[in-house]
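Numbering of ligands and ligand atoms starts at 1, following listing order.
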Amino acid sequence: MAAAFSTSSAAAAIKNVTVVGGGLMGAGIVQVAAQSGYKVTMVDVSPDSLDKGRKIISSSLARVAKKKHADDQAAQKAFVDKVFDNIATSTDAAAAAASADLVIEAIVENLATKQKLFAALDTAAPAHTIFASNTSSLPIGDIASATKRGDRFGGLHFFNPVPQMKLVEIIRTKDTSDSTFAALTDFTKALSKSPVSCKDTPGFIVNRLLVPYMLEAVRLVERGEATKEDVDLAMKLGAGYPMGPFELMDYVGLDTVKFITDGWYEGGVGLKGEKLVEPSETINELVKNKALGRKSGKGFYDYSK
Ligand SMILES: CCCCCCCC(=O)CC(=O)SCCNC(=O)CCNC(=O)[C@H](O)C(C)(C)COP(=O)(O)OP(=O)(O)OC[C@H]1O[C@@H](n2cnc3c(N)ncnc32)[C@H](O)[C@@H]1OP(=O)(O)O
Ligand SMILES: NC(=O)C1=CN([C@@H]2O[C@H](COP(=O)(O)OP(=O)(O)OC[C@H]3O[C@@H](n4cnc5c(N)ncnc54)[C@H](O)[C@@H]3O)[C@@H](O)[C@H]2O)C=CC1
């Protein structure tokens, strides 16, 4: 059981987890938490979206099961069924939060939308419930300000694909209490992930470095200095990255990339108007044409064939 790894009393008390948003990230978080023995409720806006989330989990679990029980289909099925036994689904975030010890939000990267959600959850959830956001780029303090539980609020930033990536960034605001921070750290370890901590600053550690790198890759190609294929190959073979920047942007989702860069350029603390994060016309055009990357079948590359 996951809680056996925990050392903080708050973490030991975490049994029921609610994840709001069952997309690329939310589904992954639901999966790893359920795999680690937590009872998890996945919340999304409609039965259709929940279905999509379940499909993401199924196909990922199938890969894990195949690895665990290579030649034993019955054992593969038993493994998958056991994880799904820990997963419930709901379209009612408030009801799910009412029985949660920890709520992790992984909905669209928009401050007002996240604030509205958390304001509603704040009245529905018990006093002991810890709230966490998986935001890539928004200040955790701004999201938490919609609630009256700033001391029980932190950032829990997972990486894509969640089942595979070992890092979780834990973000403390000026109000996050020591016991909340300890509980989030222990929860992360219980998922067999490695925590790092960062102050509540734009992009935390990874995205603060990754976003300017990706945007410069786009500008390099816009300037006609190299093709995107050669940039990707160069960064894989020359820098040892598993994916080149264009492959990675398609993997993350170009709408998410745009939300992040626009947000920082238009008002991100300390980054407003910075050339480093100036929006890219190439990305704007792709998003306008619904070419959002792998999830829509087309982005910088075509995935439809
Ligand atoms: C300006 C924009 C800024 C954007 C920032 C916003 C986003 C954020 O806030 C933060 C982020 O997440 S940034 C993105 C971080 N992620 C990365 O950098 C991923 C880079 N890619 C990789 O690591 C590998 O290509 C990867 C692991 C994906 C795939 O590996 P391979 O290429 O070797 O492919 P496979 O051989 O298929 O997989 C290798 C092993 O991993 C297993 N696996 C892959 N995906 C899985 C999944 N979804 N679920 C379960 N298992 C999975 C796969 O089975 C295989 O396992 P082994 O057989 O044991 O090797
Ligand atoms: N895509 C990535 O690589 C990463 C994204 N993130 C962050 O995670 C969050 C989610 O991103 P993705 O999973 O990529 O997005 P996504 O678009 O794949 O999924 C978002 C899900 O949230 C649902 N949703 C939207 N509003 C909702 C609401 N009010 N209540 C319940 N569900 C709602 C949508 O229906 C959708 O299923 C964002 O804050 C993003 O910045 C963090 C790390 C990596």
Does any N or O of ligand 2 fall below 3.5 Å from an N or O anywhere on [X], backbone included?
X	answer
Lys114	yes
Leu24	yes
Val20	no
Glu109	yes
Met25	yes
Glu105	no

Work out whether the distance between some heavy atom of [X] and some atom of ligand 1 is less than 4.0 Å.
X	answer
His157	yes
Tyr213	no
Met249	no
Ile260	yes

Any donor-acceptor N or O pair under 3.5 Å, side chains Ser177, Arg152:
no
Any side-chain donor paired with an acceptor under 3.5 Å for Asp232 and Tyr301?
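Judged by distance alone, the side chains do pair up.
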[atom] protein-contacted (non-hydrogen atom, under 4.0 angstrom):
atom	result
atom 18 (O) of ligand 1	yes
atom 19 (O) of ligand 2	yes
atom 28 (C) of ligand 1	yes

Are any of the N/O atoms on [X], whether in the backbone or the side chain, positioned under 3.5 angstrom from an N/O atom of ligand 1?
X	value
Arg63	yes
Thr261	no
Ser60	yes

Under 4.0 Å from a heavy atom of Val45: give me the atoms of ligand 2 that qualify, with their elements.
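In order of numbering, the contacting atoms are 27 (C), 28 (C), 30 (N), 31 (C), 32 (N), 33 (C), 35 (O).
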Within the 4.0 Å heavy-atom shell around Phe158, which atoms of ligand 2 are there?
43 (C)
Below 4.5 Å, heavy atoms only, C-beta onward: do Asp151 and Arg149 meet side chain to side chain?
yes
Side chain proximity check, Asp122 to Lys148, heavy atoms < 4.5 angstrom:
yes
By number and element, which atoms of ligand 1 are closer than 4.0 Å to a non-hydrogen atom of [X]?
X	value
Met243	20 (C), 21 (N), 25 (O), 28 (C)
Pro242	20 (C), 21 (N), 22 (C), 23 (O), 24 (C), 25 (O)
Gln164	27 (C), 40 (C), 41 (O), 42 (C), 43 (N), 51 (N), 52 (C)
Pro163	49 (N), 50 (C)

Salt-bridged, Arg223 to Glu216, with N to O below 4.0 Å?
yes
Salt-bridge criterion met for Asp302 and Arg294 (N-O under 4.0 Å):
no
Side chain, backbone, both or neither: which applies to [X] and ligand 2 if a contact is any heavy-atom pair less than 4.0 Å apart?
X	answer
Tyr251	neither
Asn134	both
Lys295	side chain
His157	side chain

Applying a 4.0 Å heavy-atom criterion (strictly less than), which segment of [X] is in contact with ligand 1: side chain, backbone, both, or neither?
X	value
Tyr241	neither
Val162	neither
Asn160	both
Val211	both

Angle between ring planes, Tyr241 versus Tyr213, binned at 30° and 60°: parallel, tilted or perpendicular?
perpendicular
What's the separation between atom NZ in Lys114 and atom CG in Leu121, rounded to the nearest 0.5 Å?
12.0 Å
